[in-house]
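What follows is one structure encoded as structure tokens, with my remarks underneath.
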Amino acid sequence: MATRQKSAPAKPRVEVKSEGKARGKHNGTIEPAKGKLGVMIPGMGAVATTFVAGVEAIRKGLAKPIGSLTQMGTVRLGKRTEGRSPKIKEFLPLAGLDDLVFTGWDIFEDNMYEAASNAGVLDSRLLEQLKPFLSSVTPRAAVFDHNYVKKIDGPNVKKGKTKMDLAEQLRADIRDFKKTSGASRLITMWCASTESYIEATAAHQSLKSFEKALIENDEMIAPSMIYAYASLMEGVPFANGAPNLTVDLPVMLELSRQNDAPICGKDFKTGQTLMKTVLAPAFKARLLGLSGWYSTNILGNRDGEVLDDPGSFKTKEESKLGVLEHILQPGLYPELYGNIFHKVRINYYPPRGDNKEGWDNIDIFGWLGYPMQIKVDFLCRDSILAAPIVLDLVLFLDLAKRCSELRGRGIQEWLSFYFKSPMTVPGLYPEHDLFIQLMKLKNTLRHLRGEELITHLGLEYYD
Ligand SMILES: NC(=O)c1ccc[n+]([C@@H]2O[C@H](COP(=O)([O-])OP(=O)(O)OC[C@H]3O[C@@H](n4cnc5c(N)ncnc54)[C@H](O)[C@@H]3O)[C@@H](O)[C@H]2O)c1
């Protein structure tokens, strides 16, 4: 397993005390980000390797953390006339990139250098420069069930009589990594394949019923849930980058709150859905009607192959379809959004590899009902868009864990910004609009430090 020695002396950390300074009272306390942060990744495929290789490239000064809010973003504080816009990483005590250490699990035995080479996202010249480091991150044996991911199978899989045995083995891995890496804190980040669609059953409703189901090998317990259970039992926060249920279950919320291990998910918001959650709010803002939105994708990576299976595709489809309904609110605007034809297709097309092409045909209508069309053709790179999201989630979840105001709340809804299908407490509809999500995230950061929340009212400038 990889551990990394610090190459540079630790930077001074922002001191956060429970009492506010000039601007008001901090809400709660934030423990300093002391020591290493261990990042544990089920699924060492395209996204995971692009993330880890990227972090190492940035640490070596070979590249910039483009796309990462924690590394490049700022947060405006106070009035527009004050000129206070610190970098987010200077405003809050986030872990530094030099403090990250990694491990992972995969059903294949490839180390991160081999897996990154196979994924074909990053060019070989860059990978050669990172080879010693990436080769040192080798996968632990996975908890895997072919029934949940039909298109792939691999040799590096744990054996156990019951699902509880498998959970115990994962817990032992977690403790082993903590010890061998010297990490003071840990995070689990699901970057493994999308599992087949299932709905929650009685087994997922409470810790008691879930543990009974683990012992009885209930087929409704998916592998991702076993990783989640193991992490949360160890008090380790868990983020879900895929659309599987995983932590979006009453049992996981219970466990998360009980063990102060924050959770968030689900399904990274990267390409087509990112565009959807930018465009749909614009239509609603201008009260332009929508009659249809046809989205199709071609992609040729392993994720595309997995999603070629109807069970895994259904999980993804559910995650992608919910977005428009929540943004456009057809109940409130029936003449504009009461009759939308929304279709999402994903086609596995090997020649494209990770370089996905996503087409959208959007039929809108305006004044007096006159129709118009918008076409979007996004030639994107899936894992290049996902990697900075992984980095931000790792750093923000670690912050949440160190933060008395956030750690016992379970779901971290302020991280909705990063997800296609944001988790919320039961009964609360999710916010999908990217700009509402960003405001929520930044206001959460302001709230933690006792800064005024920004409402954009602005009347005071005209007094
Ligand atoms: N790249 C994006 O833009 C994006 C966006 C949203 C969601 N996602 C999701 O992120 C996940 C990762 O995407 P990717 O492109 O890296 O896929 P990938 O196929 O390259 O990597 C997934 C890896 O997970 C491994 N795996 C499968 N089941 C496992 C298990 N039970 N335990 C451990 N390892 C397991 C596979 O062997 C594979 O190496 C997918 O679920 C994908 O749907 C990706």
Side-chain angles (χ1 to χ4, degrees), residues 40-53 67 103-112 114-122 139-158 163 166 169-170 173 188-196 221-228 230 239-244 246 265-275 297 299-309 312-313 315-320 346 348 352-356 358 378 380-390 393 418-421:
M40 306 187 293
I41 315 179
M44 286 173 36
V47 171
T49 54
T50 306
F51 157 62
V52 174
T103 191
W105 292 268
D106 206 288
I107 64 171
F108 298 109
E109 285 159 344
D110 298 341
N111 65 44
M112 279 229 164
E114 293 159 339
S117 304
N118 292 339
V121 178
L122 301 174
R140 294 166 190 268
V143 171
F144 184 71
D145 179 347
H146 183 67
N147 287 326
Y148 276 94
V149 187
K150 296 236 164 59
K151 292 276 175 177
I152 56 172
D153 233 332
N156 194 31
V157 173
K158 289 192 195 309
K163 293 188 175 183
L166 296 172
Q169 291 177 45
L170 288 175
D173 283 350
T188 307
M189 182 77 231
W190 178 268
C191 291
S193 309
T194 299
E195 295 173 333
S196 263
I221 308 274
S224 64
M225 296 174 195
I226 305 177
Y227 285 94
N240 182 14
N244 333 306
T246 312
K266 50 192 195 293
D267 206 4
F268 303 128
K269 176 150 89 176
T270 48
Q272 197 165 52
T273 310
L274 173 69
M275 291 299 143
N297 298 273
L299 81 160
N301 57 15
R302 190 182 284 153
D303 186 31
E305 190 180 357
V306 166
L307 294 173
D308 217 27
D309 170 65
S312 292
F313 174 69
T315 312
K316 192 61 124 185
E317 188 185 27
E318 288 286 316
S319 163
K320 281 178 165 257
I346 298 177
Y348 177 52
R352 281 298 169 88
D354 200 65
N355 297 349
K356 181 160 84 179
F378 191 5
C380 67
R381 294 173 187 267
D382 248 14
S383 305
I384 293 295
L385 292 169
I389 293 182
V390 176
L393 286 170
Y418 296 105
F419 295 110
K420 277 197 206 42
S421 183

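Order of listing sets the numbers, starting from 1, for every ligand and every atom in it.
- Within the set Ala192, Ala386, Gly271, the minimum heavy-atom distance to atom 11 (C) of ligand 1 is found for Ala192.
- Regarding atom 20 (O) of ligand 1, its nearest protein heavy-atom neighbour is Ala46 N, 2.9 Å.
- Residue contacts with ligand 1: Lys420 is included, with a non-hydrogen atom under 4.0 Å away.
- Close placement of the Trp105 and Tyr227 rings is indicated, their centers lying within 6.0 Å of each other.
- Shortest contact from atom 5 (C) of ligand 1 to any protein heavy atom: Thr270 OG1, 3.4 Å.
- When atom types are taken as modelled, the side chain of Asn156 and the backbone of Asp106 share a donor-acceptor pair closer than 3.5 angstrom.
- Two residues are said to be in side-chain contact when any heavy atoms from C-beta on lie closer than 4.5 Å; Val149 and Phe144 meet this criterion.
- The protein non-hydrogen atom at the shortest distance from atom 19 (O) of ligand 1 is Arg302 CB, 3.3 Å.
- Each of the following atoms of ligand 1 lies closer than 4.0 Å to a heavy atom of Asp267: 6 (C), 7 (C).
- In terms of modelled atom types and a separation under 3.5 Å, the side chain of Lys420 and the main chain of Phe268 share a donor-acceptor contact.
- Of the protein's heavy atoms, Gly241 O, 3.7 Å lies nearest to atom 9 (C) of ligand 1.
- Per-residue contacts place Ala142 under 4.0 angstrom from the following atoms of ligand 1 (heavy atoms of the residue considered): 32 (N), 33 (C).
- Between Arg352 and Asp382 there is no salt bridge, since no side-chain N of the basic residue sits under 4.0 Å from a carboxylate O of the acidic one.
- Side-chain atoms of Leu393 and Met189, non-hydrogen and from C-beta on, do get closer than 4.5 Å to each other.
- Looking at Tyr148 against ligand 1, nothing comes within 4.0 Å, counting heavy atoms.
- Contact annotation for Asp354 and ligand 1: no heavy atom of the residue comes within less than 4.0 Å of the ligand.
- Within ligand 1, the atoms closer than 4.0 Å to a non-hydrogen atom of Phe108 are 37 (O), numbered from 1 in the order shown.
- Atoms of ligand 1 lying under 4.0 Å from at least one heavy atom of Ile107, given by number and element, are 37 (O).
- In terms of protein heavy-atom proximity, atom 42 (C) of ligand 1 is closest to Asp303 OD1, 3.3 Å.
- Contacts between Val47 and ligand 1 below 4.0 angstrom, taking non-hydrogen atoms only, involve backbone and side chain alike.
- Side-chain contact between Pro155 and Glu109 is present, with heavy atoms from C-beta onward closer than 4.5 Å.
- Judged by distance alone, the side chains of Asp110 and Asn118 do bring a donor and an acceptor atom under 3.5 Å apart.
- In this structure, Tyr148 OH and Ser196 OG are separated by 8.0 Å, a value rounded to the nearest 0.5 Å.
- The proximity of Glu305 to ligand 1, defined as any non-hydrogen pair under 4.0 Å, does not occur for either the backbone or the side chain.
- Against a heavy-atom cut-off of under 4.0 Å, Ala242 is close to the following atoms of ligand 1: 41 (O).
- Looking only at side-chain heavy atoms (C-beta outward), Ile41 and Thr103 stay at 4.5 Å or farther from each other.
- Scanning the protein for heavy atoms near atom 27 (C) of ligand 1, the closest one is Ser193 OG, 3.1 Å.
- The atoms of ligand 1 that sit less than 4.0 Å from any heavy atom of Gly45 are 16 (O), 20 (O), 21 (O), 23 (C), 39 (O).
- Regarding atom 32 (N) of ligand 1, its nearest protein heavy-atom neighbour is Tyr227 OH, 2.8 Å.
- Checked against Ser383 for a side chain to side chain donor-acceptor pair (under 3.5 Å), the options Asp354, Thr49, Asn301 give a single hit: Asp354.
- Under a 4.0 Å N-O distance rule, the pair Asp309/Lys151 does not qualify as a salt bridge.
- The closest side-chain donor-acceptor pair between Ser421 and Asp267, if any, does not fall under 3.5 angstrom.
- When the options Asp106, Val306, Thr49, Val121 are ranked by their closest heavy atom to atom 36 (C) of ligand 1, first place goes to Asp106.
- Within ligand 1, counting atoms from 1 as listed, the ones closer than 4.0 Å to a heavy atom of Cys191 are 11 (C), 12 (C), 22 (C).
- Taking distance alone, with nitrogen or oxygen atoms compared against 3.5 Å, Asp382 approaches ligand 1 more closely than that limit.
- Each of the following atoms of ligand 1 lies closer than 4.0 Å to a heavy atom of Phe268: 5 (C), 6 (C), 7 (C), 8 (N).
- Residues Asn297 and Gln272 have side chains in contact (heavy-atom distance under 4.5 Å, counting atoms from C-beta outward).
- Below 3.5 Å of separation, one finds an N or O of Val143 facing an N or O of ligand 1.
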